[in-house]
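Have a look at the structure below before the remarks.
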Amino acid sequence: HSEPTKRQRSEVDPPPVIPRKELQKMPASQVEKLLPRHHSQLFRSPIRDECCEAEEEELQGMVMLPLCGAPRQLQFGEKAIGLLWVYTTKEMDSGYFSHVKGRLAMMGNQERHTLGKMDAYAPVANPATYRVQIALHVGMKGVRFRQMDVSQAYLSTMMKRKVMLRHPPGYVFFINAAGELDYRRLKPGEPRPTTAVPLLRALYGGMECGRLFYDEWMDYHVRVLGFQKSKIDPCFIQKVSDDGLSFIKIVFHVDDGLVVTRGEEMYEQYKADLKRRFSFKEGPLKKLLGMEFDVSPDSVKIRLEGQIQKMLRDFGMEDAKHEQSPIPTTSNYKLPCESDIPTDAAELKRVQDSFDMQQCVGHLNFIQMVLRGDISCPLKILSKHPVKFGKKHVHLAKHVMCFLKATARQPLILRAGFARHCIQIFTDASHAGDTDPRKSVSGIVIKIGGNTVTWASLFQRIVSHSSCESEL
């Protein structure tokens, strides 16, 4: 091949790499924008060195397990599932960039119709369970709130079903001279191997892998460690001493968990027993599942500022004005309905192209379930129109985001000092609040020990003929 021209070289030469020292001066959210979405884009990323280092760390742990068996050609009727790299940024407590986490995941969409739903279903914790446990134990003498993260959780579980995998993008698995699984990076221009490898351990993205880890985690805690499983929340387990003075209560969401414990000796023994089976990190409760915790002796403050800021960045609304209510308060304002959706196909497409309503509803739904019950009503309206919507729906969605921006640092505070088992339920209803089918909207807030632990905004199932009937 002829030598490329200067212009051609400038088009193919990658951008300069940003040193780690410079990256650590940047907020993690800013570095996240530089991450490649696919491995094929790695060459053009200014943080490719960080991503390559993350890939190496992930693969080193996988070959030590080992993740898979010896490569071989596919047999008749076999299908190989592809792999992809997923990159995320990890931040320090200050919010600045720490490092890149590279995770190798299966392309689960290629496993469709291979398993039934119940074989692949893995329970997750109800967000209210976290708040209930904190409300019941905040201020209790000797109680500590801890958090736990299981390292390479899925890889700790063996596969039960025969699955073949493609080689990781950019790498190839092989058996070295010592007879052990190893890997190497593909050379420039080298084609991807045509062989496949048998999967030995559960891997992120696999259809049943979440269920395999859940079953293994629960079995070890219940059968081996003597924990009791809750009948209400399948992801809540507890162990109480014979005298009732010491206990360990765990609420876990996949591989992340909240631990409420009392009794130092009992908890240290539990950690020692757990290390025999799982690798994990454990520490004081600070940040869990996007929630930021501020724990003091008599109160726990929970915020979602980071998640709200992420939503605002995704929609370019960092500099949006502040709003003081989740719904516009002008006297003539009416909630959007089906009649506000454009009937002209071209106009409808212009509105749909101007705003990603599905992404917005997804962000708001997480924020509402985890912490912000005050946006339940507008979210209920928007969730009816994630695909077909009008300008009025977009205006309401942006208004809610502006309200969240103004109140991003406002915490949910769970305090001690009230009767712990006192339950209060507050309800209200708006007559014909849903303007399309004329159904009323019910609002519910439940408190335990004076602390708000759960909430809901629900469309009533029948049409009420009066405000009195809707209240009843």
Side-chain angles (χ1 to χ4, degrees), residues 33 37 290 304 307-408 410 428-445 455-467 469-470:
K33 297 179 181 179
R37 294 191 60 185
L304 265 182
Q307 190 68 28
I308 293 173
Q309 295 298 335
K310 182 179 186 302
M311 177 189 65
L312 295 173
R313 287 193 303 272
D314 289 346
F315 286 88
M317 296 185 63
E318 299 98 322
D319 300 324
K321 64 178 183 179
H322 288 189
E323 297 289 352
Q324 300 305 315
S325 64
I327 294 178
T329 55
T330 54
S331 58
N332 60 345
Y333 180 79
K334 294 182 179 180
L335 289 171
C337 56
E338 289 184 6
S339 61
D340 296 312
I341 301 175
T343 55
D344 180 67
E347 176 63 19
L348 176 62
K349 189 176 187 307
R350 279 195 293 270
V351 176
Q352 290 174 328
D353 293 342
S354 66
F355 190 80
D356 191 343
M357 184 63 75
Q358 287 184 328
Q359 184 184 16
C360 175
V361 170
H363 275 296
L364 295 178
N365 186 51
F366 175 81
I367 293 171
Q368 182 267 349
M369 286 195 306
V370 172
L371 195 66
R372 299 298 298 269
D374 48 358
I375 66 169
S376 297
C377 183
L379 173 61
K380 201 68 178 177
I381 302 298
L382 294 173
S383 63
K384 293 176 58 182
H385 308 284
V387 179
K388 288 187 176 182
F389 51 90
K391 292 182 179 179
K392 201 169 180 180
H393 297 84
V394 176
H395 177 265
L396 176 60
K398 291 185 176 180
H399 183 95
V400 177
M401 287 192 281
C402 290
F403 168 69
L404 289 174
K405 181 179 186 295
T407 57
Q410 178 177 317
D428 198 3
S430 63
H431 179 55
D434 185 8
T435 55
D436 294 323
R438 307 299 296 172
K439 290 183 178 179
S440 300
V441 181
S442 296
I444 304 169
V445 174
W455 47 79
S457 179
L458 307 169
F459 291 127
Q460 295 185 3
R461 296 186 177 182
I462 61 174
V463 177
S464 301
H465 295 84
S466 66
S467 59
E469 184 179 347
S470 66

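Side chains are part of it too, since the values below use all heavy atoms of this structure and drop only hydrogens, waters and symmetry mates.
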Is any side-chain heavy atom of [X] closer than 4.5 Å to a side-chain heavy atom of [Y]?
X	Y	answer
Pro336	His395	no
Val387	Met357	no
Leu382	Phe389	no
Ser457	Val441	yes
Leu371	Phe366	no
Arg372	Leu364	no

Over 12 non-hydrogen atoms of neighbours within 6.0 angstrom of NE2 in His465
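Incorrect, the count does not exceed 12.
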
When you look at CZ of Arg37, are more than 12 heavy atoms from neighbouring residues, nucleotides or ligands closer to it than 6.0 Å?
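Atom CZ in Arg37 is not crowded, with 12 or fewer foreign heavy atoms closer than 6.0 Å.
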
Nearest-0.5 Å distance that lies between atom [atom1] in [X] and atom [atom2] in [Y]:
X	Y	atom1	atom2	value
Ile375	Lys380	CD1	NZ	13.0 Å
Cys360	Asn365	SG	CG	11.0 Å
Asp340	Lys391	CG	NZ	12.0 Å
Asp374	Leu379	CG	CG	11.0 Å
Met317	Lys398	CE	NZ	6.5 Å
Leu312	Gln307	CG	CD	10.5 Å

What's the shortest heavy-atom distance between [X] and [Y], and which atoms?
X	Y	answer
Ile308	Lys405	CG2-N, 4.4 Å
Trp455	Ser376	CD1-OG, 3.7 Å
Val400	Pro378	CG2-CB, 3.7 Å
Leu396	Leu335	CD2-CD2, 4.4 Å
Gln309	Ala408	NE2-CB, 4.2 Å
Ser470	Ser467	OG-O, 2.7 Å

Using the ring of Tyr333 (Phe, Tyr or Trp, six-membered ring only), decide whether Lys392 places NZ or CZ under 6.0 Å from its centre and within 45 degrees of its axis.
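Geometry flag: set, cation within 6.0 Å and 45°.
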
Before you tell me yes or no, could you show the steps for His393 and Ile341 under side-chain contact (heavy atoms from CB on, under 4.5 Å), namely the whole-Å CA-CA distance, both residues' side-chain angles and the distance that decides it to 0.1 Å?
CA-CA 8 Å; His393 297 84; Ile341 301 175; 3.9 Å; yes

If only atom types and distance count, is the side chain of [X] paired as donor or acceptor with the main-chain N or O of [Y] below 3.5 Å?
X	Y	result
His431	Glu469	no
Lys384	Glu338	no
Glu323	Ala406	no

Can you classify the ring geometry of His363 versus Phe315 as parallel (below 30°), tilted (30 to 60°) or perpendicular (above 60°)?
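Correct class here is perpendicular.
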
The criterion is side chain to side chain donor-acceptor pair (under 3.5 Å); which residues satisfy it with Asn332, sequence neighbours excluded?
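In terms of side chain to side chain donor-acceptor pair (under 3.5 Å), with neighbours along the sequence ignored, Asn332 is linked to no residue.
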
Could I get the full list of side chain to side chain donor-acceptor pair (under 3.5 Å) partners for Glu347, not counting sequence neighbours?
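In terms of side chain to side chain donor-acceptor pair (under 3.5 Å), with neighbours along the sequence ignored, Glu347 is linked to Arg350.
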
